[in-house]
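Single-structure report; data block below.
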Amino acid sequence: MADQSAPLRAPAGTHDVLWPESARWERLVAEFARRAQLGGFGLVLNPMFEDAQLFRRGIGDESDVVRKEMYEFADRGGRDVALRPEGTASVVRAFVQHRPPVPWKAWYVTPAFRYERPQAGRYKQHHQLGVEVLGTDDADVDVEVVTMAADLYGWLGLRQVELALNSMGCTRCRPAYLAALVAYLDEHRDELRDEHRDRYRANPLRVLDCKSPECRAVTDGAPRITDYLDETCSAHLARVRDGLDELGVAYRLEPRLVRGLDYYTRTTFEFSARSLTSAQNAVGGGGRYDGLAEALGGPPTPGIGFGIGIERLLLACDAEGVFAANPPPPDAFVVDVTGGAAARALCGELRRAGLGAVRAYDGRSLKAQLKQADRSGARYALIVGPEELAGDVVTARPLRAEGPQEAVARAEVGRWLAARSSTSDTQDTPGQP
Ligand code: HAM
């Protein structure tokens, strides 16, 4: 029988994010939100679970995400539901359902669930920052979206993130390419990995996505989609490239980049971190999905977006030694050896004035409180003892710099601390741009 008193742990492949690590999540999301707003994006919130049919129709029955990785189950009412494995299908479903005016620009931050074997950078629950733009197939939007992701990596200070770009063509030009690819794979069937040998006819693009050395050797010589693009798709790709060049976003054209989700058309892209040695080094990716809204029962509506994996992004930051967890310290630690009521009043007052104030509880000794004050990272200890109480003052002791302590009139403490506050200068800008 299971030990009822054994401590429970988070499921394998999931993580608790605790302070101070969570401080950089906060900062990352706040910066992403700020940038999204500058680009005209609004926040969208969707359910964490949907009718499983949404992902089958949206992401594709043949994709690994749907075939092998979906958290799909019958709920208590017998409905077939799935936890979202990504954000795009739900955002487009919401678009189809509510029909907001186009172009519709949405951003999100969301957990995503994929039943994968956990390893470095690959989790059963990960988190994504993403954007989607619906209602235009203007190539300038592709440039905007790719640049927005590239700029975020730059802001974090990441220098070893590479962008691969491709076009997957459209429903008009892709069939000829797929036919050529299947014909080529027919000739090399025996050299493919077992899992592809019997499946490549159903979805030959999956083979291009396979990172195994056997399949790589075969696909090295495979026909390239970029040689099969029709005039419109070629012109689209050319304009995307022009735009990226103009904005100084470096990329490599990668005709094998097909990505793992079946909804992509035309522009596809992926950012990978050279600093991450594991196979899981994609720190973001996305592309166009001009047929997705229609596949979900909506009007024909082109769209494009990206998703950035937060955990992997932060692993890449660690690997490059940038964007450290650096939570802003409180302005003051109030030390009260008169019973706690003075700390209660002063902390309340300071926080209402927008200042960071923390304190000890449970009537701890002066020594213990001072130790805690030091550990808190606060700039000042504001000490209230019987003498201060009698004299209506607070003793302010600098904790982070040399300097004398001084007696500050109780009524003046807020103003005195505000003049020395760190709260306003903690939002330093890490990298560029
Ligand atoms: P995706 O490439 O499947 O695209 O995922 C986006 C990012 O999420 C990846 O680049 C990676 O950083 C992270 N990621 C994916 N799976 C895991 C995992 N198991 N563990 C940790 N991180 C992971 C999408 O999801 C598309 N919805 C992106 C998109 C938006 N395309 C158009 N619009």
Side-chain angles (χ1 to χ4, degrees), residues 16-35 37-38 109 155-157 314 317 321-432:
D16 299 308
V17 184
L18 306 184
W19 194 86
E21 169 66 5
S22 55
R24 58 180 183 162
W25 284 62
E26 259 185 274
R27 238 173 120 203
L28 174 64
V29 175
E31 179 64 16
F32 189 75
R34 191 184 74 80
R35 286 166 178 262
Q37 199 187 6
L38 293 178
V109 51
W155 176 80
L156 288 163
L314 294 176
C317 288
V322 299
F323 199 61
N326 221 352
D331 294 302
F333 191 104
V334 179
V335 173
D336 177 1
V337 282
T338 66
R344 188 175 62 201
L346 188 50
C347 281
E349 212 176 284
L350 294 174
R351 290 173 196 158
R352 283 180 176 163
L355 295 160
V358 293
R359 55 166 288 198
Y361 303 99
D362 304 317
R364 308 186 74 192
S365 71
L366 176 65
K367 197 171 156 207
Q369 289 192 49
L370 285 173
K371 210 164 148 190
Q372 204 176 329
D374 208 41
R375 272 207 313 263
S376 74
R379 288 199 175 172
Y380 294 93
L382 300 178
I383 306 167
V384 186
E387 276 175 34
E388 283 87 355
L389 209 55
D392 211 18
V393 294
V394 165
T395 299
R397 179 186 295 179
L399 296 174
R400 296 278 151 262
E402 291 298 313
Q405 58 182 31
E406 55 185 293
V408 181
R410 175 65 183 78
E412 287 301 314
V413 176
R415 264 189 294 276
W416 182 92
L417 190 63
R420 293 157 180 80
S421 168
S422 62
T423 326
S424 55
D425 62 23
T426 47
Q427 289 306 313
D428 56 317
T429 309
Q432 294 216 324

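- In plain terms, the two heavy atoms of Ala373 and Val335 that are nearest each other are CB-CG2, 4.4 Å.
- Of all non-hydrogen atoms in Leu156 and Leu28, the two that sit nearest each other are CD2-CD1, 4.1 Å.
- Heavy-atom minimum distance, Val322 versus Gly157: CG1-O, 3.7 Å.
- Within the 3.5 Å criterion, the main-chain N or O of Trp25 finds no donor-acceptor partner in the side chain of Ser22.
- You'll find the ring centres of Tyr380 and Trp416 inside the 6.0 Å limit.
- A salt bridge is defined here as a Lys NZ or Arg NE, NH1 or NH2 lying under 4.0 Å from an Asp or Glu carboxylate O, and Arg352 with Glu349 fails to meet this definition.
- In this structure the side chain of Val394 never reaches within 4.5 angstrom of the side chain of Ile383, judged on heavy atoms.
- Atom-to-atom distance recorded for Arg34:CZ and Trp155:CH2 is 8.0 Å, nearest 0.5 angstrom.
- Taking 4.5 Å as the limit, some side-chain heavy atom of Asp392 sits within range of a side-chain heavy atom of Arg410.
- Residues satisfying the side chain to side chain donor-acceptor pair (under 3.5 Å) criterion with Glu21, sequence neighbours excluded, are Arg24.
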* **Steps toward side chain to side chain contact (heavy atoms under 4.5 Å, CB included) verdict (Val384, Val337)** => CA-CA 6 Å; Val384 186; Val337 282; over 6 Å; no

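- Leu355 and Ala418 make their closest contact through CD2-CA, 3.8 Å (heavy atoms, listed as atom of the first residue, atom of the second, distance).
- The two residues Arg397 and Leu370 have their closest heavy-atom pair at NH1-CD1, 3.8 Å.
- Between the side chains of Thr395 and Gln405, no donor-acceptor pair of N or O atoms lies under 3.5 Å.
- Nearest heavy atom pair, residue Ser376 against residue Phe333, reads OG-CD1, 3.7 Å.
- Taking the side chain as every heavy atom from C-beta outward, Pro398 and Glu402 never approach each other to under 4.5 Å.
- Ion pairing of Glu31 with Arg35 is present here, as a side-chain N (NZ or NE/NH1/NH2) and a carboxylate O approach within less than 4.0 Å.
- Listed for the Asp336 side chain is a donor-acceptor partner under 3.5 Å among the backbone atoms of Ala342.
- A donor-acceptor contact shorter than 3.5 Å links the side chain of Arg400 to the backbone of Asp374.
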* Stepwise side chain to side chain contact (heavy atoms under 4.5 Å, CB included) test for Arg359 and Gln372 -> CA-CA 9 Å; Arg359 55 166 288 198; Gln372 204 176 329; over 6 Å; no

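- Taking 4.5 Å as the limit, some side-chain heavy atom of Leu382 sits within range of a side-chain heavy atom of Val413.
- When atom types are taken as modelled, the side chain of Asp331 and the backbone of Ser421 share no donor-acceptor pair closer than 3.5 angstrom.
- Between the side chain of Gln369 and the main chain of Arg364, a donor-acceptor pair closer than 3.5 Å is present.
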